[in-house]
Amino acid sequence: MSVLCRRSLLIGTAALALAGCKSSRTTATAPSAALPPAPSPALGYSIGNYGAMSDRFPIDAVDTSRIEPQFLRREVAYATKEPPGTIVIDPYAHFLYFVQPGGTAIRYGVGVGKQGFSWSGTATINSKQEWPDWYPPKEMIERRPDIKPQLTQLQSGIGMHGGPGNPLGARAMYLWQNGKDTLYRIHGTVEPYSIGQSVSSGCIRMINQDAIDLYNRTPVGTRVVVLGSGGAKTS
């Protein structure tokens, strides 16, 4: 399946306590007016934060002007029978949805390689990896001798250590079905400007900031639905 991610499976904030000071005298004060709740972002507007991030490795800010606006993370109305917490991937529209209560979803733009169109159905996230190692297949190494200097002997074979230059990016989620690896992955990317496009290789790639956001929302065991050519319906 994936040329970029095949075999790669082998592998709060502290609250600040404010101490009150006692006084021997008290002064009566007028009750303060209740502040109105902060408004929630309107549906359809970008909620993604694409600034630089500190992680195990630094993550650069993304120039969002180079990405079509619809592919930036946002909350949208989304009609589906899938329960909240489900991931729905529409590879043909280049969208990934994280289903929320109330008929909404967080929608992320994705890049899809030819392997991303080769499988559809229902799976679960069997494992997750931060800064995953990459194990390109032998066929790719033979076809791309230029990548050989970047590869080394790792625990599970010839590959590349996780890091800023790794094609799997900052996070990867591995999909299994009926106890077997589908070889289908959701992962970050070192090419954020390919989001929204059908790229030459890979599974489902996301902007690193989005991959981290999704990774933090989805525990192992999360249900994932990959749509076929019929696509998803949104309102």
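What you see is a predicted model; the values in this text were computed from it and never measured.
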K.L.:
Would you name the heavy atoms of Ala172 and Pro132 that are closest together and state the gap between them?
P.N.:
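It is CB-CG, 3.6 Å.
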K.L.:
How long is the straight-line distance from OG1 of Thr124 back to CG of Leu175, given to the nearest 0.5 Å?
P.N.:
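The CG atom of Leu175 sits 7.5 Å away from the OG1 atom of Thr124.
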K.L.:
So, for Glu82 and Thr80, which heavy atoms are closest and what is the spacing to 0.1 Å?
P.N.:
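The answer is N-OG1, 3.1 Å.
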K.L.:
Is there a side-chain contact between Ile147 and Trp134 (heavy atoms, below 4.5 Å)?
P.N.:
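Heavy-atom side-chain distance check passes, below 4.5 Å.
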K.L.:
Are any of the side-chain heavy atoms of Pro136 and Leu151 separated by less than 4.5 Å?
P.N.:
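Side-chain contact under 4.5 Å: yes.
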K.L.:
Return yes if some donor-acceptor pair links the side-chain N/O of Arg74 with the main-chain N/O of Pro69 below 3.5 Å, else return no.
P.N.:
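Checking the backbone N and O of Pro69 against the side chain of Arg74, a donor-acceptor pair under 3.5 Å is found.
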K.L.:
Going from CZ on Arg205 to CD1 on Ile186, what distance comes out if it is rounded to the nearest 0.5 angstrom?
P.N.:
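Result: 14.5 Å between the selected atoms.
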K.L.:
Assess the residue pair Asp55 and Arg171 against the criterion (salt bridge (charged side-chain N to carboxylate O under 4.0 Å, His left out)); give the C-alpha distance rounded to whole Å, side-chain angles, the decisive distance to 0.1 Å, and a yes or no.
P.N.:
CA-CA 11 Å; Asp55 204 73; Arg171 301 289 189 273; 3.1 Å; yes
K.L.:
Under a 4.5 Å cut-off applied to non-hydrogen side-chain atoms, are His161 and Leu154 in contact?
P.N.:
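His161 reaches Leu154 side chain to side chain.
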K.L.:
Would a 4.5 Å heavy-atom cut-off, applied to side chains only, mark Arg217 and Ile106 as touching?
P.N.:
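Result yes, sub-4.5 Å side-chain heavy-atom pair found.
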K.L.:
Report yes or no: do Leu72 and Ile59 belong to one cluster of Ile/Leu/Val/Met/Phe/Trp/Tyr joined by side chain heavy-atom distances under 4.5 Å?
P.N.:
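Looking at the clustering, Ile59 is in a separate group from Leu72.
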K.L.:
Counting C-beta onward and ignoring hydrogens, is there a side-chain heavy-atom pair between Trp131 and Asn166 closer than 4.5 Å?
P.N.:
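Side-chain contact under 4.5 Å: no.
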K.L.:
Evaluate the side-chain contact (heavy atoms from CB on, under 4.5 Å) criterion for residues Arg56 and Glu130: first the C-alpha distance (whole Å), next the side-chain angles of each, then the deciding distance (0.1 Å), finally the verdict.
P.N.:
CA-CA 9 Å; Arg56 185 186 306 173; Glu130 297 186 9; 3.8 Å; yes
K.L.:
Please check if the side chain of Gln209 supplies one atom and the backbone of Gly48 the other of a donor-acceptor pair under 3.5 Å.
P.N.:
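Between the backbone of Gly48 and the side chain of Gln209 there is no qualifying donor-acceptor contact (under 3.5 Å).
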K.L.:
Can you find a heavy atom in the side chain of Val88 that is under 4.5 Å from one in the side chain of Leu227?
P.N.:
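They are in side-chain contact.
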K.L.:
Decide yes or no on side-chain contact (heavy atoms from CB on, under 4.5 Å) for Tyr97 and Ile87, but give the supporting numbers first.
P.N.:
CA-CA 6 Å; Tyr97 299 88; Ile87 292 174; over 6 Å; no
K.L.:
Are Tyr92 and Phe117 close enough that their ring centers fall under 6.0 Å?
P.N.:
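Centroid separation for Tyr92 and Phe117: below 6.0 Å.
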K.L.:
I'd like to know if the side chain of Asp210 pairs up with that of Tyr50 as donor and acceptor (distance under 3.5 Å, no hydrogens or angles considered).
P.N.:
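Indeed, the side chains of Asp210 and Tyr50 share at least one donor-acceptor pair under 3.5 Å.
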K.L.:
If you compare all heavy atoms of Ser127 against all heavy atoms of Val220, which two are closest, and at what distance to 0.1 Å?
P.N.:
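Taking Ser127 first and Val220 second, the nearest heavy atoms are CA-CG2, 4.2 Å.
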K.L.:
Hydrophobic cluster membership, with links at side-chain heavy-atom distances under 4.5 Å among I/L/V/M/F/W/Y: are Val76 and Ile67 in one?
P.N.:
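Same hydrophobic cluster.
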K.L.:
In this structure, would Ile204 and Trp119 fall into the same cluster of hydrophobic residues linked by side-chain contacts under 4.5 Å?
P.N.:
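Shared cluster, yes.
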K.L.:
Might you point out which heavy atoms bring Gly188 and Asn208 nearest each other, and give the distance in Å?
P.N.:
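Result for this residue pair: CA-OD1, 3.5 Å.
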K.L.:
Please find the pair of heavy atoms, one from Gly116 and one from Pro91, that lie closest to each other, and give the distance.
P.N.:
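Closest pair (atom of Gly116, atom of Pro91, distance): O-CB, 3.8 Å.
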K.L.:
Hey, what do you get for CD (Gln177) to OG1 (Thr182), rounding to the nearest 0.5 Å?
P.N.:
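Here the interatomic distance stands at 7.5 Å.
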K.L.:
Do the side chains of Glu75 and Arg107 get close enough for a salt bridge, i.e. N-O under 4.0 angstrom?
P.N.:
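No, this pair does not count.
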K.L.:
Given Met206 and Thr189, is the side-chain contact (heavy atoms from CB on, under 4.5 Å) satisfied, shown in steps?
P.N.:
CA-CA 6 Å; Met206 306 178 73; Thr189 183; over 6 Å; no
K.L.:
Is the shortest side-chain heavy-atom distance between Ile89 and Val224 below 4.5 Å?
P.N.:
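Touching, per the 4.5 Å side-chain cut-off.
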K.L.:
Would you please indicate if the ring centroids of Phe95 and Phe71 are separated by under 6.0 Å?
P.N.:
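Yes, the ring centres sit under 6.0 Å apart.
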K.L.:
If Ile, Leu, Val, Met, Phe, Trp and Tyr residues are connected whenever their side-chain heavy atoms lie under 4.5 Å apart, and connections chain through other members, are Ile212 and Tyr193 in the same group?
P.N.:
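No, separate clusters.
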K.L.:
To the closest 0.5 Å, what do you measure between CZ (Phe98) and OG1 (Thr104)?
P.N.:
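Going from CZ on Phe98 over to OG1 on Thr104, the span is 10.0 Å.
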K.L.:
As an exercise, state the distance from NE2 of His94 to OG of Ser198, rounded to the nearest 0.5 Å.
P.N.:
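Answer for the NE2-OG pair, His94 versus Ser198, is 3.0 Å.
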K.L.:
Decide yes or no for Ile158 and Gln153: does some side-chain heavy atom of the first lie under 4.5 Å from some side-chain heavy atom of the second?
P.N.:
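Yes. Closest side-chain heavy atoms under 4.5 Å.
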K.L.:
Calculate, to the nearest 0.5 Å, the distance between atoms CD and CZ belonging to Gln150 and Arg144 respectively.
P.N.:
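One finds 8.0 Å between CD of Gln150 and CZ of Arg144.
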K.L.:
Honestly curious: do Ile207 and Val190 fall in one hydrophobic cluster under the side-chain, below-4.5 Å linking rule?
P.N.:
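Cluster IDs for Ile207 and Val190 differ.
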K.L.:
Indicate the atoms forming the closest heavy-atom contact of Trp176 with Ala123, along with that distance.
P.N.:
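So the minimum-distance heavy-atom pair works out to O-CB, 3.1 Å.
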K.L.:
When you measure from the centre of the six-membered ring of Tyr174, is the NZ or CZ of Lys128 under 6.0 Å away and within 45° of the axis?
P.N.:
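Judged by the rule, Lys128 and Tyr174 form no cation-pi pair.
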